[in-house]
Amino acid sequence: QFVVTPIFDRGKLVGWAGGMSHEPETGATGPGGYDANATSRYYEGLLLTAVKFATNDTMHTDYKVTVEHSTRDAVYWLMDTQAKMSATIFMRDEVKKLIDEYGQEVYLEAVHEIVEDGRRATQEKIKTIAPPGLYRARGYIEAILPQKESVLLQCQIEVKVDTEGHLWIDMEGVSPEQPWSGNGTLPACKGSFFCILAQHLFNDCKFNSGSFYALRYNIPQNSIYSCSLPAGTSKYIGTGGATLMGCLTTVTSRMYHLGGYLEHVISPAGSTIALPY
């Protein structure tokens, strides 16, 4: 779950501060942070659109009541929300101090340049370690669907490295979404990319959102990596996401190996996770 707050300076929107946390109880059909038996998102607890839940850094009472009435134990959810609010308030105040010290124009130019530095560093790193070409990996996830039927789902990834330092990520061939809790949304899939690339490839690039400008995607819609709105998603990280990150680790290790950087080659963890229904 995410909390974000805008940062204004003299009436101008100059940025956003945000925080994220995993929740141990969501009001799903089964207790806990996820329900492995969920066959759609409607089994996974309280669903909220983007909602304004606080004013002047004070949480709205109706938001608290909604959470209390929709979960088994609202204490952890609301404590986490307060913690995330505190973090965003701290970040917002620190940004305003920078603006007061250096001026709004300098600050805005600096943050744009930081993002651009991240993009350039990322592309230079890719050009340095990865010979241009195609790198492929494939993984499988065992899933038990509601009919007690065990199926094998496929993660297929092909990464093209061009001479400019871009990664073209093609996932054509992945399995379609299923009636289980292991599907992933498109943002979740991109988050899996960043989780591995930030650790294994961009780790010395002072990475930020600029690193994403070096990536190009083809992720099939209505698949386990870009599912439709009603699909279950709460156990994606431990199932489809884990397999995708393993495949991406394989790809980056092959880049390092082919480029002669043997000390950076690592063995990914296999993931064949069966979900009981």
Side-chain angles (χ1 to χ4, degrees), residues 114-141 152-178 182-228 231 233 236-237 239-272:
I114 290 170
V115 172
E116 176 60 13
D117 282 348
R119 183 195 66 81
R120 289 196 297 261
T122 298
Q123 289 189 229
E124 189 61 34
K125 176 69 177 291
I126 294 169
K127 288 192 292 183
T128 299
I129 66 98
L134 291 176
Y135 300 81
R136 299 183 180 94
R138 183 178 294 167
Y140 297 93
I141 315 107
L152 206 58
L153 306 178
Q154 176 172 282
C155 173
Q156 168 84 18
I157 185 168
E158 179 180 275
V159 179
K160 175 184 175 183
V161 179
D162 64 21
T163 56
E164 296 180 354
H166 293 107
L167 298 183
W168 300 77
I169 302 174
D170 187 358
M171 297 184 65
E172 199 67 44
V174 299
S175 294
E177 65 182 60
Q178 303 292 323
N183 304 291
T185 61
L186 182 60
C189 180
K190 292 181 178 180
S192 299
F193 291 160
F194 199 77
C195 185
I196 292 302
L197 294 175
Q199 297 177 71
H200 198 211
L201 190 59
F202 306 155
N203 54 292
D204 55 355
C205 297
K206 294 186 290 187
F207 57 84
N208 53 50
S209 60
S211 298
F212 262 107
Y213 295 139
L215 309 182
R216 306 290 187 270
Y217 311 99
N218 175 32
I219 305 170
Q221 291 185 348
N222 299 322
S223 70
I224 56 173
Y225 294 108
S226 183
C227 64
S228 62
T233 61
Y236 164 74
I237 291 299
T239 52
T243 304
L244 172 58
M245 288 187 280
C247 288
L248 196 54
T249 302
T250 298
V251 166
T252 52
S253 288
R254 287 171 176 166
M255 292 176 185
Y256 281 123
H257 187 273
L258 194 59
Y261 297 88
L262 303 185
E263 68 275 15
H264 293 296
V265 175
I266 60 176
S267 177
S271 177
T272 55

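Small disclaimer: the values here were computed from a predicted structure and weren't measured.
Expressed to the nearest 0.5 Å, how far CD1 of Ile169 lies from CG of Asn218 amounts to 10.5 Å. Atom OH in Tyr217 sits 9.5 Å away from atom CG in Leu167 (nearest 0.5 Å). Here the straight-line distance linking atom CE of Met171 with atom SG of Cys247 works out to 8.0 Å at 0.5 Å rounding. For the atom pair Ile266 CD1 and Thr250 OG1, the distance stands at 9.0 Å (nearest 0.5 Å). If you take CE on Met245 and CD1 on Ile237, they are separated by 5.0 Å, rounding to the nearest 0.5 Å. Here Thr122 contributes atom OG1 and Phe207 contributes atom CZ; the two are 9.5 Å apart, rounded to the nearest 0.5 Å.
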Item to check | Pair Thr249-His200, side chain to side chain contact (heavy atoms under 4.5 Å, CB included): steps then yes or no | outcome: CA-CA 8 Å; Thr249 302; His200 198 211; 4.3 Å; yes
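Proximity of a side-chain donor or acceptor of Tyr261 to a complementary backbone N or O of Met255 within less than 3.5 Å is not detected. Remark: the backbone N or O of Arg136 is paired with a side-chain donor or acceptor of Arg254 at under 3.5 angstrom.
Minimum heavy-atom separation, Thr239 to Gly182: OG1-CA, 3.3 Å. Between Val265 and Ser253, the shortest heavy-atom distance links the atoms CG2-O, 3.6 Å.
Among residues at least two apart or in separate chains, side chain to side chain donor-acceptor pair (under 3.5 Å) pairs with a member in residues 123-133 are Arg119-Gln123, Lys125-Asp204.
Applying the side-chain contact (heavy atoms from CB on, under 4.5 Å) criterion to Pro131, with sequence neighbours excluded, gives Tyr135, Leu258. Shown here are the side-chain contact (heavy atoms from CB on, under 4.5 Å) partners of Ser228, two or more places apart in sequence or in another chain: Glu177, Asn222, Pro230, Ala231. In terms of the side-chain contact (heavy atoms from CB on, under 4.5 Å) criterion, Lys206 has no residue partners (sequence neighbours excluded). Judged as a side-chain contact (heavy atoms from CB on, under 4.5 Å), and not counting sequence neighbours, the contacts of Gln178 are Leu145, Leu153, Pro176, Trp180, Asn183, Ile224.
Between Thr185 and Ser226 the shortest side-chain heavy-atom distance does not fall below 4.5 Å. For the pair Ile129 and Leu201, the minimum side-chain heavy-atom distance is below 4.5 Å.
In this pair, Trp168 and His166 present their aromatic rings perpendicular. The plane angle is above 60°, beyond the 30 to 60° band.
Among Leu244, Val174, Ile219, Thr243, the single residue meeting the side-chain contact (heavy atoms from CB on, under 4.5 Å) criterion with Ile157 is Leu244.
Enclosure of atom OH in Tyr213 is not indicated, since only 12 or fewer non-hydrogen atoms of other residues, nucleotides or ligands lie within 6.0 angstrom. With a 6.0 Å radius and a threshold of 12 heavy atoms from other residues, nucleotides or ligands, Gln154 has its CD atom above the threshold.
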Show every donor-acceptor pair shorter than 3.5 Å between a side-chain atom in residues 187-199 and any protein atom, with sequence neighbours excluded, or say none if there are none.
from   : atom 1 : to     : atom 2 : distance (Å)
Ser192 : OG     : Ala188 : O      : 3.1
Ser192 : OG     : Tyr236 : OH     : 2.9
Gln199 : NE2    : Cys195 : O      : 2.6

